[in-house]
Amino acid sequence: MKHALLAAASVSALLFSTAHADDITDQKVEDLLSQMTIEEKVGQLTQFNGFWDVTGPAPTGDDASESRFDFVKRGLVGSMLNVVGVEDVRTIQEYNVENSRLGIPAIFGYDVVHGHKTIFPIPLAEAASWDLDYIELSAEVAAREAAAQGLNWTFAPMVDISRDPRWGRVMEGAGEDPYLGSAIAVARVKGFQGDDLTAPDTIAATIKHFAGYGFAESGKDYNAADVGTVTLYNVILPPFRAAVEQANVRTVMNSFNTLNGVPATADAFLQRDILKGEWGFDGFVVSDWASGREMIDHGFAADRLQATELAIKGGSDMDMESYLYFDHLADLVEAGTVDMDMVDDAVRRVLRVKFDLGLFEDPYRYLDDAREGELLMAPAHLEAARKVAERSMVLLKNDNATLPLQKGETIALIGALAADKDAPIGNWRGQGEAGSAVSVVEGFDEAGLDYTYAEGAVVQTNQPTFAEEVVVNMDNRDGFEEAIAAARSADKVVIVLGEVALQSGEGRSRADISLPGVQQELLEAVHAANPNVVLVVMSGRPLILTWADENVPSILQAWHLGHESGHAITDVLTGKYNPSGKLPMTFPRSVGQIPVYYNHLNTGRPGPINEVFWSHYTDEENAPLYPFGHGLSYTEFSYGNLSVKPTAEGYNVTVQVTNTGKREGEEVVQLYLHDKFASIARPVRELKGFEKISLKPREKRKVTFTLTDKELGFYNAKGEYVVEPGAFDVYVGTSSDATLSASFELKD
Ligand code: GLC
């Protein structure tokens, strides 16, 4: 194997790539661009939120709304967000096509994050399925429904890697690992964009938030992120690069945070040198909501004029809701502060995506009333949502085969979340209707289970809007007695606890990630009455479940599973579906361990030794409660016959997996690599391969992984990709704690 130093090309290409396959479209873009005035160009770089009822009266009352409305009415606005529905979209599109000089169609964006009208499990839950086919299907269904409502662009998938469950937005991503995160990013983009972006049931995707947002300090949303090159290149960037290079993602959204002191919106190193230069990204960058204007708060721009200059020069092509480009870009070009070439490069990118979507060919392509009616919440979509939900749950613990529930058992079903039809819809719910999920109570009813329900205690005491705080019930224990009585008289308790929908998502960071409010007290009181307890956890993030792990025989992580939540949870609890999920994110023992993750460095004092001078806590374990990749089944799997054989490209790692239990089950076979000595310290383990397989009882299967430069190499502190000779260990098994290992020596 050659010692391959793959120098990262560092071309900072401002001009549109001429290597783009479709030269005919490039020519159309050039022809159109050559006719455009500066006002028309600014329009293409401007995205307004739907700021009035577009089919209602014109907005009045303040100059800003009236001037924006005038711009829209003249058909100059390039994009709108949060305008949904064939009728509303058609109204705006007609302005653009009929009222403007060049008839450039608008593109309509929306946060279609885990389903559009049919709501699927939150992305972190889907990531726990490790099932790329179902993850792609989920995005495909979402695109079909969004496109049926006139949308042609989603601000998803969010691909931010994060190691901090205090950050509320972990619910939107794929967890802590760049390898799993990259595979899922590609699957989601392919699901949204399909094979033909001009098709009326596919939409342009957006990978976000570029970059480093998930490393917000102390897990506090919008906070500063400071990371070194090694973490940036080896952990944060891979999912973005994979989506650009493997799935041709058409747009990128930048992020609110500063990365090493520079707001991402103005970061030419990120947006021009890496994204558009090194990776050759030929779509466009949209800012996050008013992130341009926020550069003033960051203390990076003195005023809106300077923020405008910094944003366009930093490579942020379209301005969402800052009104910077709308108010100031033309003046900066006029004054010679910003080159017209830079504006033209941004406009080309936007026009290109609109051509890719077929919007020039037919601006009304996505506007079919019939499709809007027949596709939303179609039975096939709900069935898909149920299958994805079943596969997203993770069985964290199951002592004494407490699960699955047995016929004839009497059950006490406890917890407000067991009857809650809204929590499972989760945050970032698109057009999903509030309170429209199947609850666990309804799932139990349909399954004919013999149960008594008791609420125990509510989680929240208000019904907050998307922008309001959740008020948690901290003192109402009125329902405890009824719950305890129900527990006492039942064979088994199923208690559903956790978070309501708006306790995770944007602006929802929590410093204490234990069970909110009085739920832990309720759990302990019910357990004291009947220790035969199954805990079902609904949440948008890993919670601290340490007491439960020490006292409760079975724990099922059920996240927020979308519309089919109650059916899917019942399917798993009754054994109709054998749980197959694996954790995409580590579950800490205590919040003090955070950040705690599996692919950590060994340190110079890994210990343990019989004194204090090693890397540890005096009051907490180093190990998390549940590691990355953990998840149990109702059957058992054994691993053996591990072999590592050299090939022309690298190495083949083969393992034999056997279902040693009594029922069929799915297993996620995981391959981890440890580069033992290198020019920078390398993680003790890194996921470099996985395969989800299904085995009947006693069935054996050989699984082979290939290791090539792509898996063996890493980015060094200069951002160069290197593959270095030396000793490697591989670990193969059912989680990142796998013990079955082998070694090999990579030759020069
Ligand atoms: C929000 C989010 C971003 C979303 C955008 C539009 O603030 O940060 O993820 O796509 O605004 O809603």
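First listed ligand is number 1; within each ligand, the first listed atom is number 1. Positions are given from 1, in the same order as the sequence printed here. Side-chain atoms are counted along with the backbone in the values below, which use heavy atoms only and exclude waters and symmetry mates.
Closer than 4.0 angstrom to ligand 1 by heavy atom are Leu81, Asp111, Phe155, Arg169, Lys208, His209, Met253, Phe256, Asp288, Trp289, Met320, Trp428, Glu506, sorted by chain and number.
Side-chain polar atoms of Lys190 and Gln246 form no donor-acceptor pair below 3.5 angstrom. Side-chain atoms of Tyr222 and Glu506 form a donor-acceptor pair, as typed in the model, at a separation below 3.5 Å. Side-chain contact check for Glu145 and Thr118: at least one donor-acceptor pair (N or O, by modelled atom type) lies under 3.5 Å. For the residue pair Ser255/Asn257, the side-chain donor-acceptor check at 3.5 Å is satisfied.
With respect to Arg250 and Asp356, a salt bridge is recorded, a charged nitrogen being found less than 4.0 Å from a carboxylate O.
Phe256 and His209 have parallel rings, their planes meeting at less than 30° on a 0 to 90° scale where 60° marks the start of perpendicular.
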